[in-house]
Peer 1: 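Here you go, one structure.
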Amino acid sequence: MEINEKFLKPYDPANTESKIYKLWEESGFFNPDNLPGERKEVFTIMMPPPNATGVLHMGHALGGTIQDILTRYKRMQGFKTLYLPGTDHASIATQSKVEKEIQKKEGKTRHDLGRDEMLKRIDSFVEENRHTMTQQMRVLGTSCDWSREAFTLDDKRNRAVNTVFKKMYDDGLIYRGNRIVNWDPKGQTTISDDEIVYEERTSKLYTFKYSADFPISISTSRPETKVGDVAVAVHPDDVRYTEYIGKEYDLEFAGVPIHIKIIADKEVDPAFGTGALGVTPAHSMIDWEIADRHDLPRIQVINEYAKMTVGGENLLGKKVTDAREVIVSWLRENNLLEKEEDIKQNVSTAERTGGIVEPLPKLQWFINVNKEIPGQNRTFKNILRESVESKSVRIIPDFFEKTYFHWIDNLRDWCISRQIWYGHRVPVWYKGEEIYCGVEAPTDEGWKQDEDTLDTWFSSGMWTFSTLGWPEQTEDLKTYHPTSVMVHAYEILFPWTARMIMMSNYVLDVNPYHTLYLTGIVRDAKGQKFSKSLGNGIDPIDIANKFGMDAGRIALVVGTAPGTDSKVSEDKIKGYKNFANKIWNITRFVLDNVDEKNFANKIENELTLEFKKVYEDITSDMDNFRFHLASEKIYHYIWHRFADEIIEESKKIILEGDEKAEERKTALVSIWTDCLKVLHPFMPFVTEEIWSMLPIPNKNLLIVENWPK
RNA sequence: GCGCGAUUAGCUCAGUGGUAGAGCGACCCCUUGACGUGGGGUAGGCCGGGGGUUCAAUCCCCUCAUCGCGCACCA
């Protein structure tokens, strides 16, 4: 039959992909309300909103591809399918990025600009990035419903955030307390445990006495904090120190008067150092807890700028690192230093700024993870454990469950307030001693809103339902929640998954999704992680331009097992560009050799039955989230069975021109059209383009054709 | 310290209780009428070491080694 002259040239993704995406957008099929036929079963995927700090990288491309494969597969299977896109304001990450830029270009700090101006600058930065990123998502071919696009910091999401905050506040689950927090002196904000990056360094462990007349030696790697000591703790069973327990001493340490009580506490490891621990409640998490148990005072000696707040001229106002040297010299001069040894130590640094984290007591907002939730008979910690333990939330690959439980066991109260400007402002107002928590600001005069904003994960934790209009009881919320599958990188398992499970169970008493599919890290050809500092990020748009996005998509998926890191190389992508061309030429051969009537006929023979087995196997892989196998199987069938063998032997058969030839032609058409369907979720553009040129009676767009069964 | 993962062809990685696969690379051949972004063929692996379960282990169990990662500790 006559064929479109496009087939006389190799497949050209550049001129096809954007045209096809536009076709899909105009069809309205991304919106589940517009899908053809009666669709009772619902399938929902929320796009993990990428941070509005830059552009999408290959990691986003992998996640987006998996999400889109699932979406397209389910849509073809007749589900009412919603894939909802969005972006994340990523408070700390975004603000610190804009601050750095302004510092670099204008030499100004955020304080020079002021809160309003700074927020304006950030908003325009974010708007620009959001625009870029949503364009990139289109290049990726993500079939998401743009009419429902959401942003974690827009008005609707703000209302949801404030509503949850108030509910938790009223339920006594959110509290404001003076507690030791991770303080980032560089970013001038608290950060959560999950925002800390540990760097192993060698540092000195000093063993010394506070003064010559003090009976016990202690060890520390931070002598400068010792001016804030209030006690020495020993293990209750440590006979070396029994006689001193309960005694109190007034001393002068490096010119600072200190009062030390000897106490017994089981947390002290008798085998470490001298077996005696100098207790600094204000500057160590453990010591803070010891102080709780023994009712000790908490003397702060270091401020928010990591500088000393006590001592004489030699200490006061000094940076902690300088103060350390001052103290060590003082110990030496006074003959108090007994030992100095190298130890390996993990230094806590802030993920976003690199600043060395200083534990400080601060007045902050916390979520209590161990308090019973009113009316639910369980705590947040219970929710987290039960959801996964009961398999109500299934994690793929399942070995991540162990990691997840391990993390829960170590979970502490979640500090949710941040001393930065960009984000959801804490919905609490103060007037003198009065405090008001509400969704809206109080209307009467004299109230001042809390200066802090919320941890970005507070709003992203609500993503599965805030996107659907909650707290309004919308039709969308009823229809699409709980969602079906969440796909995201294992790197954010803790900060995000845990928070989504908490929030959804707390607010709606259901899990946010039934399956969590974790992706690994996409690395460059050398195996290095893509990072902004290395500058080795690949813009997926470059891939699309060079090889076509279809090639990029399937290259990311084939052989990439869930939860496993993978590498992308141009060679691999190039291989699949060739595959796209192969498909193109197979189509050309088929169209060249069959007649239009072959498209109207149905047939079942050995070949179609053989292929039926193949796609049934692939369907099973799809249902079990084995996209890395499904994609490889259809690739292999098309190239090495259909093209290399079936087409080759068909040449002879068709030349004969008899009944067998007719049967063969119909079989070729039948199998090939089904191949295009099965391949569509992986390589949507080229398959849709080919579909548009086939003389199939009553056809629709391939995106809404039925998956073979 | 606790935990997780990896160890399979030169490279990058899949995979399965029955003596192994893909992509790229290498070598040889093919100007065949879908495609040279192609076709046909060849070489190449005691599936990290040791032990166990089994009729049978690369796959299950134990153990060791190396690499990567997470968490904790960080006096």
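Labels below follow one simple rule: chain letters A, B, ... track the order of the sequence lines, proteins then strands, and each chain is numbered from 1.
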Peer 1: For C11(B) versus C4(B), give the span between their P atoms, rounded off to a whole number of Å.
Peer 2: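 Straight-line distance between the two P atoms is 29 Å.
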
Peer 1: Could you tell me whether Phe494(A) contacts a base, only the sugar-phosphate backbone, or nothing, with contacts defined as non-hydrogen atoms closer than 4.0 Å?
Peer 2: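 Sugar-phosphate contact only - Phe494(A) comes under 4.0 Å of backbone atoms but never of a base.
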
Peer 1: Among G38(B), A75(B), C13(B), find the nucleotide with the atom closest to the side chain of Trp639(A).
Peer 2: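 Selected nucleotide (nearest to the side chain): G38(B).
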
Peer 1: Counting only Watson-Crick or G-U wobble pairs whose two distances fall under 3.5 Å, which nucleotide matches G36(B)?
Peer 2: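 Base-paired to nothing in any strand shown.
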
Peer 1: Please determine, for the side chain of Gln345(A), which listed nucleotide (C71(B), C74(B), C35(B)) has the closest atom?
Peer 2: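 From the listed options, C74(B) comes nearest.
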
Peer 1: Quickly work out the Tyr576(A) OH to G23(B) C1' distance and round it to whole Å.
Peer 2: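 Rounding to the nearest Å, OH of Tyr576(A) and C1' of G23(B) are 6 Å apart.
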
Peer 1: Tell me which nucleotide among A34(B), G15(B), U37(B) gets nearest to the side chain of Ile586(A).
Peer 2: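 Among A34(B), G15(B), U37(B), the one nearest the side chain of Ile586(A) is A34(B).
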
Peer 1: Measure OH/Tyr404(A) against C1'/C2(B) and give the value in whole Å, please.
Peer 2: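 From Tyr404(A) OH to C2(B) C1': 19 Å.
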
Peer 1: On the nucleotide C74(B), are OP1 or OP2 found under 4.0 Å from the side-chain N or O atoms that His283(A) carries?
Peer 2: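 Looking at the OP1 and OP2 atoms of C74(B), neither is under 4.0 Å from any side-chain N or O of His283(A).
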
Peer 1: Would the Phe685(A) and Tyr11(A) ring centres measure less than 6.0 Å apart?
Peer 2: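 When the ring centroids of Phe685(A) and Tyr11(A) are compared, they turn out to be at least 6.0 Å apart.
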
Peer 1: Please give the distance between the P atoms of G41(B) and G21(B) as a whole number of Å.
Peer 2: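 So the two P atoms sit 15 Å from each other.
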
Peer 1: For the pair Tyr517(A) and Phe625(A), name the ring-plane relationship: parallel under 30°, tilted 30 to 60°, perpendicular over 60°.
Peer 2: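 If you compare the ring of Tyr517(A) with that of Phe625(A), the planes turn out tilted.
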
Peer 1: Measure up the Tyr249(A) and Phe214(A) rings against each other and bin them: parallel (under 30°), tilted (30 to 60°), perpendicular (over 60°).
Peer 2: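 If you compare the ring of Tyr249(A) with that of Phe214(A), the planes turn out perpendicular.
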
Peer 1: Reckon Asn346(A) touches a base, only the sugar-phosphate, or nothing at all at heavy-atom distances under 4.0 Å?
Peer 2: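 Base, at least one base heavy atom under 4.0 Å.
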
Peer 1: Under 3.5 Å for both donor-acceptor distances, Watson-Crick or wobble: does U31(B) have a partner, and if so which one?
Peer 2: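 No nucleotide pairs with U31(B).
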
Peer 1: Looking at Lys633(A), I'd like to know if its NZ atom is crowded, meaning that more than 12 non-hydrogen atoms belonging to other residues, nucleotides or ligands lie closer than 6.0 Å.
Peer 2: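 It does: Lys633(A) NZ has more than 12 such atoms within range.
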
Peer 1: Kindly state whether the ring of Tyr635(A) and the ring of Phe579(A) have centres lying under 6.0 angstrom apart.
Peer 2: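 That pair passes the under 6.0 Å test.
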
Peer 1: Could you state the atom-to-atom distance from NZ of Lys633(A) to C1' of G21(B) in whole Å?
Peer 2: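 One finds 12 Å between C1' of G21(B) and NZ of Lys633(A), rounded.
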
Peer 1: Select base, sugar-phosphate, or nothing to describe what Gly273(A) touches, counting heavy atoms under 4.0 Å on all strands.
Peer 2: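 The answer is nothing, as Gly273(A) stays clear of every strand by at least 4.0 Å.
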
Peer 1: For the P atoms, the ones on G23(B) and on A9(B), what distance do you get once it is rounded to whole angstrom?
Peer 2: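 After rounding to an integer number of Å, I get 16 Å for this pair.
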
Peer 1: With a 4.0 Å cut-off on heavy atoms, is Ile218(A) in touch with a base, just the backbone sugar-phosphate, or nothing at all?
Peer 2: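 Nothing, no nucleic acid heavy atom in range.
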
Peer 1: Give Leu591(A) one of three labels, base, sugar-phosphate or nothing, depending on what nucleic acid heavy atoms sit under 4.0 Å from its own.
Peer 2: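 Nothing, no nucleic acid heavy atom in range.
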
Peer 1: Using a 4.0 Å heavy-atom cut-off, does Phe399(A) contact any base of the nucleic acid, only the sugar-phosphate backbone, or nothing at all?
Peer 2: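 Here Phe399(A) touches the backbone only, sparing every base.
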
